[in-house]
There are 2 protein chains.
Amino acid sequence: MAAPSAASARQEGQPFAKAATMRDVAERANVSVASVSRVLNGLGVTSDATRQRVLDAVEDLRYVPHFGARSLSTSKNDTIGVILPDLFGEFFSELIRGMDLAARAHGKHLIVSSSHDGAEDTLAAVRSMRGRVDGMIVLSPHLGAANLSSEFAGRMPVLLMNGGAAEPGRASIMIDNHGGAVGAVQHLRSTGRRRIAHIRGAAGNIEADTRAAGYTAALDGHDPIIVEGDFSQASGHRAATQLLSMTERPDAVFAANDMMAVGALLAFQEAGVRCPEDIAVVGFDDVPIAALMRPALTTMRVNIAEIGRRGVERLIGLVQAGATADATDTACEIVRPILVERQSTAAASSARFNKG
Amino acid sequence: MAAPSAASARQEGQPFAKAATMRDVAERANVSVASVSRVLNGLGVTSDATRQRVLDAVEDLRYVPHFGARSLSTSKNDTIGVILPDLFGEFFSELIRGMDLAARAHGKHLIVSSSHDGAEDTLAAVRSMRGRVDGMIVLSPHLGAANLSSEFAGRMPVLLMNGGAAEPGRASIMIDNHGGAVGAVQHLRSTGRRRIAHIRGAAGNIEADTRAAGYTAALDGHDPIIVEGDFSQASGHRAATQLLSMTERPDAVFAANDMMAVGALLAFQEAGVRCPEDIAVVGFDDVPIAALMRPALTTMRVNIAEIGRRGVERLIGLVQAGATADATDTACEIVRPILVERQSTAAASSARFNKG
DNA sequence: CTGTTAGCGCGTTCAT
DNA sequence: ATGAACGCGCTAACAG
C-alpha cells in the first residue's frame with residue numbers, strides 16, 4: 001500500500017506492461033496472497049466478502065495465474081510432451097490429432113517437438129522437456145530403446161512408440177511392422193502377383209528395416225527386389241521410376257508407407273503404366289489420402305488417431321500412478337495392421353470390371 | 001547443509017526418482033550453485049578445475065536444467081504459443097509444419113492448443129498460456145479482434161491470423177478471403193460456367209463469411225446459390241448432394257476450402273456426374289491433396305507452410321523488440337491467394353482432350 | 001477464517 | 001575466481 005500499486009504505475013514507455021501478479025491482486029483486495037490463492041483454487045475456506053474483493057481485484061487487474069510459477073511450486077505441469085521425428089505427411093498429423101483430442105479430454109496440454117534428424121538431436125529434445133512436462137511420448141525410429149532408458153533412468157513416465165523392439169518393463173505401443181509387411185506381400189501373392197518389389201523407408205529407420213525384413217520373409221524364397229526410399233512421396237516417385245526401368249519389371253509393389261505408394265502411383269500414371277492391371281500397389285498406414293487416390297490405394301491400416309489417443313491415455317495413467325507410487329503400467333501393446341483392400345491391387349478381371 | 005544430501009537419499013520405493021537439481025550438482029562438485037550456473041551458461045569466469053568438476057558432476061547425476069525454473073527466474077520461455085480452432089484436415093497440418101520449422105530454426109519451442117469451439121473457449125486457452133510463452137499466434141475465426149486486444153491489453157506480443165478485419169496497430173497476417181473468392185468465381189465464369197454455386201464454411205466463421213461475400217459480389221447480379229458446409233470433407237459431400245437434387249443444377253461449384261471440394265468431387269463421382277464436363281469445382285487453400293485428386297482440383301492457392309513460417313518469424317521479431325522496448329511491428333500483411341488451374345475446371349473441350 | 005512464511009529450481013547481483 | 005543471498009510467482013503448511 002505504501003508503495004505505489006505496481007499495477008497502476010505502469011503503462012508507460014514499455015511496449016508490454018508486466019502482467020499483474022498474485023501480490024498485486026492481494027494488495028488491491030487488501031488480503032494476503034494466501035487468500036487469493038484459496039479463492040482462485042477453490043481450496044480451503046474464505047468468507048464471501050473476501051472472495052468477492054479478490055474476484056473484483058482479479059477482474060480489475062485482468063489477473064491471470066502464472067502457469068510456470070504454479071508448476072514450479074506444485075511440480076506438476078498438466079502437460080505431456082511428444083517427441084516426433086518429423087512432421088511431414090498425413091501420418092503425424094493424424095497422430096497428433098488423436099493425441100490432442102485425448103489430452104484435451106483430460107485437461108492436459110500437449111507440447112510437441114519434431115523434426116529430429118538423428119539420435120543426439122532427439123536426445124536433446126527429450127532433455128529440453130524437463131521441467132515442462134509430466135511425462136512424454138517418444139516416437140524415435142533413430143533411437144534404440146536402450147539409449148532412451150538410460151536417458152530417463154526412471155525420472156519420468158515415458159511411453160515408447162518408436163517401432164523398435166519393445167523393451168520389457170517399459171510401457172509402449174508398437175505397430176506390428178513385420179506382420180503388416182507379411183500381410184501386404186501375402187495379399188499381393190494371393191491375387192496372383194509374382195514379381196513383388198519393395199520400396200523401403202529410410203535406411204537406419206527401425207520401422208523401415210522391420211517392414212523390409214517382413215517383406216523378404218514373406219517372399220518365401222523368391223528374390224527380393226528392393227529400392228530405397230525415405231517415406232516421402234517424392235522418394236516413392238523416384239523409386240517407382242527405378243522399378244520401371246528394370247529389364248524384368250515387377251508386377252506389384254509394396255511401399256513401406258502410403259505417401260511413397262502415392263508417389264509410385266503418380267509415377268506409374270505418368271509413365272502410362274496401368275495400376276492395377278500392369279502393376280499392383282499396396283501401401284502402409286491408411287492415411288486419409290489413401291482412400292481418395294484413383295485407383296484407391298490398398299493398404300495395411302493402422303488406426304493412427306486411435307493409437308495417438310491410446311498413447312496419451314496410457315501416459316496419463318502412468319503419470320497418475322507415479323504420483324501415488326502405484327503399480328506401473330509396463331505393458332507392450334502391439335497394434336496389428338489390417339488389410340484394407342482397394343482398387344490398386346484388384347485382380348486383373350475385377351479391375352477391368354470396376355474400371356467403368 | 002545439515003540435512004542429508006537429497007540426491008543420495010533417494011532411489012527407494014518411488015517409481016520415479018526426483019531429478020537432480022542444481023544444488024545436487026553443486027554439492028557433488030563441492031562448489032556453489034552460482035558456479036554451476038556459470039559453467040552451464042558459459043557466463044562469467046571459472047577456473048578450469050572447477051569447470052571440470054562441475055561437468056563431471058553433471059554427467060554423473062545426469063543433471064538436466066529445469067526449464068520451468070529457469071523461465072521463472074529469467075522471465076523468458078523461448079516458447080511461442082499457437083491457438084488454433086481445430087486440427088482437422090491438411091490445412092492446419094501444413095501450417096504447423098511451417099511454424100515448427102521456423103521455430104526450430106530460431107531455437108524456440110512451440111506449444112499449440114487447438115480444438116476450440118467458441119470465443120470463450122479460445123479465451124481460456126489464451127489465458128492458460130501466460131507464463132509459458134513469450135508471445136502467441138492466434139488463429140480464431142470466432143474471436144473478434146476487439147475481444148483479443150482487450151484480453152491482451154499489451155501484455156505480450158501477439159500476431160493475429162484470424163481472418164477477421166485487420167485491426168490497425170496490431171501485427172497480423174491476413175488472407176485476402178474476399179479477393180480469393182472473387183478470383184475463384186471469375187475463373188469459373190471466364191471458362192463459360194453460368195450457374196455457379198457456393199459451398200460455404202461454418203456459419204459464424206469470419207473466413208467463411210468473407211468468402212461467401214466475395215462469392216456473392218463476384219456473381220455480378222446472378223442469383224447466388226449457397227449451401228451450408230463446415231469446412232469438413234463430409235459436409236462438402238452432403239452439400240454437393242444437395243446441389244445435385246436441385247431442379248436447375250449448377251454447372252460449377254466454388255467450395256470455401258479444398259476439403260469440402262474433395263467431398264463434393266466424391267459425391268459427384270458417386271452420382272455419376274462428371275467433373276469437369278457436367279460440373280466444375282474450385283476449392284480454396286491448395287492443400288497437398290488437391291493436386292492428387294482425379295480430376296486434380298483447381299484451387300485458390302495459399303502458401304500455407306510459408307504463412308506459418310512468416311508468422312513465427314514476425315512474432316519472434318515482436319518478442320525481441322518488446323524486450324528492448326524497440327519500435328513495434330504493427331503491419332498487417334495481406335496474403336493474396338493465387339489461382340492454380342487444374343483439371344476440375346477445365347473447359348469442356350480441353351477436358352475431353354485431357355481425359356484420355 | 002486469515003496472514004506469515006518457507007520452499008519449488010534457477011539466475012544474478014554483491015561481497016569476498 | 002567463487003560463494004551467500006535474494007527474487008521470479010505461486011502453493012502449502014503452520015500459526016493466529
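A, B, ... follow the sequence lines: proteins, then strands. Residue 1 opens every chain.
When side chains are defined from C-beta on, B/L95 counts as touching B/L84, because their heavy atoms get closer than 4.5 Å. Looking at heavy atoms from C-beta onward, A/V158 lies in side-chain contact with A/V138 at the 4.5 angstrom threshold.
In this structure, CD of A/Q52 is placed 13 Å from P of C/dT2, rounded to the nearest angstrom. Between B/N77 atom CG and C/dG11 atom P there is a gap of 14 Å when expressed in whole angstrom units. Protein atom CD of A/E27 is 12 Å distant from nucleotide atom P of C/dT4, rounded to whole Å.
Among the protein residues, B/N30 comes within range of the sugar-phosphate backbone only, with heavy atoms under 4.0 Å from sugar or phosphate atoms but none that close to a base. Residue-level contact check: B/S71 touches neither bases nor backbone, having no heavy atom under 4.0 Å from any strand.
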Summary of protein contacts for nucleotides 5-16 of chain D, nucleotide by nucleotide, where a base hit scores B, a sugar-phosphate-only hit scores S (4.0 Å, heavy atoms): --BBBBBB----

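Taking a 6.0 Å sphere around CZ of A/R23, one finds it holds 12 or fewer heavy atoms contributed by other residues, nucleotides or ligands.
The shortest distance between the side-chain N/O atoms of A/S32 and the OP1/OP2 oxygens of C/dT4 is not below 4.0 Å. In this structure, B/S47 reaches the D/dT2 phosphate: one of its side-chain N or O atoms is under 4.0 Å from OP1 or OP2.
B/S35 and B/R53 share no donor-acceptor pair across their side chains, judged by distance under 3.5 Å alone. Side-chain atoms of A/T50 and A/R38 form no donor-acceptor pair, as typed in the model, at a separation below 3.5 Å. B/D48 and B/Q52 are not linked by any side-chain donor-acceptor pair at a separation below 3.5 angstrom, with hydrogens and angles left out of the test.
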A/R132 vs B/T79, side chain to side chain donor-acceptor pair (under 3.5 Å): CA-CA, chis, key distance, verdict: CA-CA 11 Å; A/R132 327 181 76 193; B/T79 301; 2.5 Å; yes

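Each end of the helix from C/dC1-D/dG16 to C/dT16-D/dA1 gets its own axis from five base pairs, and the two axes differ in direction by 50°, given to 10 degrees.
The existence of a salt bridge linking B/R70 and B/D78 is excluded, since no basic side-chain nitrogen approaches an acidic carboxylate oxygen closer than 4.0 Å.
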